[in-house]
Amino acid sequence: MDLVIRDARVIDGTGGASYRADIGVHEGRIAQIHREGEAGPRPTGTRTVEAHGLALAPGFIDMHAHSDLALLRDPDHSAKAAQGVTLEVIGQDGLSYAPVDDRTLAQVRQAITGWNGDGSDIDFDWRTVGEYLDRLDRQGTAVNAAYLIPQGTVRMYAVGWDDRPATPAEVDRMKQLVAEGMEQGAVGMSSGLTYTPGMYADDSELTELCKVVAQHNGYYCPHHRSYGAGALQAYEEMVNLTRTANCPLHLAHATMNFGVNKGKAPDLLALLDDALATGADITLDTYPYTPGCTTLVAMLPSWASEGGPDAILARLQDDEVAEKIRHHMEVIGADGCHGVPIEWDKIEISGVSDPGLASCVGKTVAQSAEQRGEEPWITARRLLINDRLGSTILQHVGHEENVQAIMQHPVHTGGSDGILQGFKPHPRAYGTFPQYLGRYVRDLGVLTLEECVAHLTGRPAARLRLPDRGIVREGYRADLVLFDPETVAAGSTFDAPRTLPTGIPHVLIDGKFVMEDGRRTDVLAGRSVRRTP
């Protein structure tokens, strides 16, 4: 063997009981599992790591990541590698960087600056999905990555930023772009149905695109139309749409937020159980925190975003139009804020693109407004304009009882939804997976260790239809994590969000150490993980 991990407590990703074993790794794969007390010789290898009873699990799969540029920008990428993540699913929420042409690349870079930075430090030498995945492979990355075709970017490419139904020719063009992306290795398609321009698509348009995804063995991952007022109807819409398209459904960051949904997780789970009982193919992911995270511009009503970033800025600079935006947000409840009137005391600025605006970070909009002696909308409007829509926010609108109820569901998986940009990012970017293992397994007992590992490994691998990942099994890839169940914990907090976790000494990808003795190595073993035909 190239490597033997001795005396590990194997938690194999199936949800079954753990067992002690020696694990032999050869040429990047698990070559031998020798259980404690089993007859025959124990494996020997060129190198041996004594686990001393540490838990050994498959590498964790982050089903909702925003590392689309971070994987290229930051070879270290300890934010994820240190958590035991060996695979991220990117291209989320309907907005990413392929497929594009020169026009849409410039527009999407500006639209999601708050998620990924403006990309000024990146050589955008790709335009198609396949070229982007090839770029990841050429460069090598800290962890593996699978890609979802972003429906909003596809609509931007074929239709533009207009709030109108797509023509038949435009629908055909979008279907062609989705088919090409799937053929080039994407695992499915994402949507951001509270983000423009993807939210302008009606159900018939989305159904046609989902049919293409299904024909290519992929799945649909929507950020649906509301997580606040109308959340249950939005979930039901996605269930019905994908059943019509005969397309597997994976619900992104499946939360029930805002005051209108306090204690209503059981209603969502009943809806999903009814669909599952009649044959629907549904999974979901969540992060183990109550606040959400997005961009400040995402809170605007969709009509104010029609035409793209430059049109948004023009409207914000027009006093009469800006007053209509304020009224829609504060009184009516904008669709960008999930149909709920915005509460400025729950909107915390977590990052800005312009360092000159850093004094706003860590304060709610209401707090900054009070310091300036002005109304919150005036503060928010000024920030949107001066930061050119690049500000990110934490939205303190979640409910702990909902978080715990949803994470216990049998189709649940883990996803960080981690935005790595900003001076004060959400701690989930650095802490999601140890937070599950430490707080929700060891401290609160919401899940057993075996259940939780299955949620983070075997179950997402099944959704991605990966034939040789997500389980500790002979012949499978040696994407592995060694952690201490007694000490594993998220180091990241809302005050210190970039603190690395504790209790995860070793992480391997293809049998190579990307984390060793708690430190990041210089190994770039990650590659694109493409759809299996």
Engineer: Check step by step if side chain to side chain donor-acceptor pair (under 3.5 Å) holds for S416 and R428.
Structural biologist: CA-CA 6 Å; S416 70; R428 68 193 185 193; over 6 Å; no
Engineer: Establish, yes or no, whether a centroid distance under 6.0 Å links the rings of Y97 and Y132.
Structural biologist: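 Distance test on ring centres: not under 6.0 Å, no.
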Engineer: Please check if the distance between the ring centroids of W115 and Y195 is under 6.0 Å.
Structural biologist: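 Between W115 and Y195, the centre distance is under 6.0 Å.
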Engineer: With no hydrogens and no angle check, just 3.5 Å: does a side-chain donor-acceptor pair link H223 and T194?
Structural biologist: yes
Engineer: Compare every heavy atom of G198 with every heavy atom of Q151, then report the nearest pair and how far apart it is.
Structural biologist: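 What the structure gives for the nearest pair is NE2-O, 3.2 Å.
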Engineer: Are the side chain of T167 and the backbone of E170 linked by a donor-acceptor contact shorter than 3.5 Å?
Structural biologist: yes
Engineer: A229 and G339: which non-hydrogen atoms are nearest, and at how many Å?
Structural biologist: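 Reported closest heavy-atom pair: CB-O, 3.8 Å.
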Engineer: Side chains of D345 and H396: is there a donor and an acceptor less than 3.5 Å apart?
Structural biologist: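 The answer is no; no qualifying pair exists.
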Engineer: Do the side chains of D137 and R530 get close enough for a salt bridge, i.e. N-O under 4.0 angstrom?
Structural biologist: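 A salt bridge links D137 with R530.
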Engineer: If we ignore angles and hydrogens, is there a donor and acceptor under 3.5 Å between the side chains of Y220 and S191?
Structural biologist: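 A pair is found: one side chain offers a donor N or O, the other an acceptor, under 3.5 Å apart.
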Engineer: Does this structure show an ion pair linking D101 with R127, if we count only N-O contacts that are shorter than 4.0 Å?
Structural biologist: no
Engineer: Do we see a donor-acceptor contact under 3.5 Å between the side chains of H455 and T413?
Structural biologist: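 Looking only at side-chain atoms, T413 and H455 do not form any donor-acceptor pair under 3.5 Å.
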Engineer: Under a 4.0 Å threshold between the charged nitrogen and the carboxylate oxygen, would D62 count as salt-bridged to K80?
Structural biologist: yes
Engineer: At their closest point, which heavy atom of H66 faces which heavy atom of I419, and how far apart are they?
Structural biologist: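 Smallest heavy-atom distance, with atoms named: CD2-CG1, 4.2 Å.
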Engineer: Could you tell me whether R164 and D162 have a side-chain N and a carboxylate O separated by less than 4.0 Å?
Structural biologist: yes
Engineer: Does the side chain to side chain donor-acceptor pair (under 3.5 Å) test come out yes or no for T196 and S302, once each step is laid out?
Structural biologist: CA-CA 7 Å; T196 54; S302 58; over 6 Å; no
Engineer: Against the six-membered ring of Y200, is R155 placed for a cation-pi contact (under 6.0 Å from the centre, within 45° of the normal)?
Structural biologist: no
Engineer: Step through it carefully: locate the ring centre of Y289, locate the ring centre of H426, and say whether they are under 6.0 Å apart.
Structural biologist: yes
Engineer: Within the 3.5 Å criterion, strictly below it, is a donor on Q408 or Q404 matched to an acceptor on the partner's side chain?
Structural biologist: no
Engineer: Using a distance-only test with no angle check, is there a side-chain donor-acceptor pair under 3.5 angstrom linking S67 and E88?
Structural biologist: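 Yes, side-chain donor-acceptor contact under 3.5 Å.
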Engineer: Ignoring hydrogens and angles, state whether a donor on the side chain of H399 or N261 is under 3.5 Å from an acceptor on the partner side chain.
Structural biologist: no
Engineer: Looking only at non-hydrogen atoms, find the nearest pair between M238 and H224 and report the distance.
Structural biologist: CG-CB, 3.6 Å
Engineer: Quick check on side-chain contact (heavy atoms from CB on, under 4.5 Å): which of T432, D417, I406 does T286 satisfy it with?
Structural biologist: I406
Engineer: Do T278 and R243 have a side chain donor and acceptor closer than 3.5 Å?
Structural biologist: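 Note: T278 and R243 side chains meet the donor-acceptor criterion.
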Engineer: With side chains defined as the heavy atoms from C-beta onward, is the minimum distance between R469 and N144 less than 4.5 Å?
Structural biologist: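 Contact flag for R469/N144 side chains = yes.
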Engineer: Are D118 and R109 within salt-bridge range, i.e. N to O under 4.0 Å?
Structural biologist: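 Looking at D118 and R109, the cut-off is not met.
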Engineer: Using 4.0 Å as the upper bound for N to carboxylate O, is an ion pair formed by E183 and R531?
Structural biologist: no
Engineer: Any side-chain donor paired with an acceptor under 3.5 Å for H409 and D273?
Structural biologist: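 Note: H409 and D273 side chains meet the donor-acceptor criterion.
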Engineer: Decide if the gap between the ring center of H253 and the ring center of Y227 is smaller than 6.0 angstrom.
Structural biologist: yes
Engineer: Is it true that, when you exclude N246 itself, more than 12 heavy atoms of the residues, nucleotides or ligands shown sit nearer than 6.0 Å to its CG?
Structural biologist: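 For N246, atom CG is not crowded (no more than 12 foreign heavy atoms under 6.0 Å).
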Engineer: Cut-off 3.5 Å, side chains only: do S96 and T153 have a donor facing an acceptor?
Structural biologist: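 On atom types as modelled, these side chains do not qualify, holding no pair under 3.5 Å.
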